[in-house]
A.B. asks: 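The structure is given below, and queries will be raised subsequently.
Note that the coordinates shown come from a computational prediction; the quantities given were computed from them, not determined experimentally.
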Amino acid sequence: MNDIPSLPDGYEFSADTARIDLDRVHHWLSTDAYWAKGRPREQHERAVASSLNFGVYDTASGEQVAYARVVTDGALFAWLCDVYVDPSARGKGIGTAFVAAVREELRPLGVRRILLATHDAHGVYEKVGFKPLERPDQWMALYFE
């Protein structure tokens, strides 16, 4: 897909990890994100340090309103995860535009695939080109309980 949805006026995208509000993001994920509830702060900080990190910010206040993280080898594979939009900013098209911006940041790396997992946001990701696995029977996972 080549169409890139724009963020609404008053919001900006950044790939600068230094801008990430670690306290805010940890609070979002550990208290409100079904996949990360209860995530310890130290584990969160290690994940951020080992990943590409992206944010969307309110241009007037500078406040972070969205976060996403990508785990990648920088050449062939990427996993998009921890995508979160603050409840106060939802419903404005920020999520779709944000994921599209992250996709475009990864494009120059030449990664062959970007994977993600979602329980309830399929529509957001489909708008920017994600689709179900063609051969899910080829994929496996190892879970540490």
Side-chain angles (χ1 to χ4, degrees), residues 1-134 136 139 141 143-145:
M1 297 195 73
N2 292 327
D3 56 328
I4 303 171
S6 298
L7 285 168
D9 288 341
Y11 295 96
E12 66 180 341
F13 170 84
S14 176
D16 182 1
T17 297
R19 288 188 71 183
I20 301 298
D21 183 339
L22 286 172
D23 292 331
R24 184 172 180 87
V25 172
H26 177 256
H27 176 76
W28 283 337
L29 297 178
S30 67
T31 64
D32 191 44
Y34 67 85
W35 65 91
K37 278 192 176 173
R39 181 183 290 170
R41 175 64 185 247
E42 186 271 333
Q43 188 179 44
H44 169 70
E45 289 178 1
R46 282 189 292 132
V48 168
S50 299
S51 303
L52 301 177
N53 298 276
F54 305 94
V56 173
Y57 302 85
D58 180 298
T59 54
S61 68
E63 181 177 84
Q64 186 168 355
V65 299
Y67 174 75
R69 178 170 79 80
V70 174
V71 179
T72 183
D73 60 11
L76 299 172
F77 176 82
W79 173 41
L80 175 61
C81 55
D82 287 346
V83 179
Y84 188 91
V85 177
D86 186 89
S88 68
R90 292 180 189 164
K92 300 177 183 180
I94 290 172
T96 300
F98 184 32
V99 172
V102 171
R103 177 193 68 196
E104 294 308 306
E105 285 288 315
L106 297 174
R107 191 180 299 276
L109 299 178
V111 295
R112 296 190 58 207
R113 69 180 48 91
I114 303 169
L115 293 182
L116 64 87
T118 184
H119 177 70
D120 58 1
H122 296 80
V124 170
Y125 299 107
E126 288 169 346
K127 290 177 187 174
V128 295
F130 284 86
K131 56 188 175 183
L133 291 173
E134 290 176 12
W139 293 86
Y143 299 96
F144 291 102
E145 299 297 326

A.B. asks: Kindly indicate whether the side chain of Val102, heavy atoms from C-beta on, has any atom under 4.5 Å from the side chain of Leu52.
C.D. replies: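 They are not in side-chain contact.
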
A.B. asks: For Tyr11, which residues count as a ring-ring contact (aromatic ring centres under 6.0 Å, His included) partner, sequence neighbours excluded?
C.D. replies: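 Result, ring-ring contact (aromatic ring centres under 6.0 Å, His included) vs Tyr11: none returned.
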
A.B. asks: Which heavy atom in Ile94 sits nearest to a heavy atom in Ala89, and how many Å separate them?
C.D. replies: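 Shortest heavy-atom separation between Ile94 and Ala89 comes out as CD1-O, 3.5 Å.
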
A.B. asks: Determine the minimum heavy-atom distance between Trp79 and Ala117, stating which atoms define it.
C.D. replies: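 Looking at all heavy atoms of both residues, the shortest contact is NE1-N, 4.4 Å.
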
A.B. asks: Ignoring hydrogens and angles, tell me if any N or O in the side chain of Arg103 forms a donor-acceptor pair with the backbone of Val128 under 3.5 Å.
C.D. replies: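 Present.
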
A.B. asks: Under the 3.5 angstrom rule, does the side chain of Thr72 hit a backbone N or O of Gly74 as a donor-acceptor pair?
C.D. replies: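 Answer holds: yes.
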
A.B. asks: For Glu45, give me all partners under side chain to side chain donor-acceptor pair (under 3.5 Å), at least two apart in sequence or on another chain.
C.D. replies: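 Arg41.
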
A.B. asks: Side-chain contact test, heavy atoms from C-beta onward, threshold under 4.5 Å: evaluate it for Thr118 versus Leu116 and give yes or no.
C.D. replies: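 When only atoms from C-beta onward are counted, Leu116 and Thr118 do touch, with a gap below 4.5 Å.
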
A.B. asks: Of all the heavy-atom pairs spanning His26 and Arg39, show the shortest one and how long it is.
C.D. replies: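 Scanning both residues, the minimum pair turns out to be NE2-O, 2.8 Å.
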
A.B. asks: If you compare all heavy atoms of Leu22 against all heavy atoms of His44, which two are closest, and at what distance to 0.1 Å?
C.D. replies: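 Heavy atoms only, the tightest pair is O-NE2, 3.7 Å.
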
A.B. asks: Taking side chain as C-beta onward, heavy atoms only, is Val65 less than 4.5 Å from Val85?
C.D. replies: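 No. Closest side-chain heavy atoms not under 4.5 Å.
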
A.B. asks: Does any part of the side chain of Trp35, heavy atoms only, come nearer than 4.5 Å to the side chain of Asp82, both counted from C-beta?
C.D. replies: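 Touching, per the 4.5 Å side-chain cut-off.
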
A.B. asks: In terms of side-chain heavy atoms, does Asp86 have a donor or acceptor partner in Ser88 at a distance below 3.5 Å?
C.D. replies: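 A pair is found: one side chain offers a donor N or O, the other an acceptor, under 3.5 Å apart.
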
A.B. asks: Which distance, rounded to the nearest 0.5 Å, do you find between the SG of Cys81 and the CD1 of Ile114?
C.D. replies: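 If we round to the nearest 0.5 Å, Cys81:SG and Ile114:CD1 are 12.0 Å apart.
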
A.B. asks: Going by ring-ring contact (aromatic ring centres under 6.0 Å, His included), name the pairs with one or both residues in residues 50-76, residues two or more places apart or in two chains.
C.D. replies: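 Pairs touching residues 50-76 that pass the test: Phe13-Phe54.
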
A.B. asks: Are Val70 and Leu80 side-chain neighbours, meaning at least one heavy-atom pair lies under 4.5 Å?
C.D. replies: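 Yes, side chains in contact.
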
A.B. asks: Are there more than 12 heavy atoms of other residues, nucleotides or ligands under 6.0 Å from atom CG of Asp9?
C.D. replies: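 Check fails, neighbour count at 12 or below.
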
A.B. asks: Search all heavy atoms of Val99 against all heavy atoms of Tyr125 and return the closest pair with its distance.
C.D. replies: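 Nearest pair, atom of Val99 first, then Tyr125: CG2-CE2, 3.7 Å.
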
A.B. asks: Give, for atom CZ of Phe130 and atom CZ of Arg113, the distance between the pair rounded to the nearest 0.5 Å.
C.D. replies: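 Between Phe130 CZ and Arg113 CZ, I get 12.5 Å after rounding to 0.5 Å.
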
A.B. asks: Please report the shortest heavy-atom distance between Asp21 and Gln64, naming the atom on each side.
C.D. replies: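 Asp21 and Gln64 have their closest heavy atoms at N-OE1, 2.8 Å.
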
A.B. asks: Among Lys37, Arg24, Arg90, whose salt bridge (Lys or Arg N to Asp or Glu O under 4.0 Å) with Asp32 holds?
C.D. replies: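 For Asp32, the salt bridge (Lys or Arg N to Asp or Glu O under 4.0 Å) check succeeds only for Arg90.
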
A.B. asks: Distance from Ile20 atom CD1 to Arg69 atom CZ, nearest 0.5 Å?
C.D. replies: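 Output value for this atom pair is 11.5 Å.
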
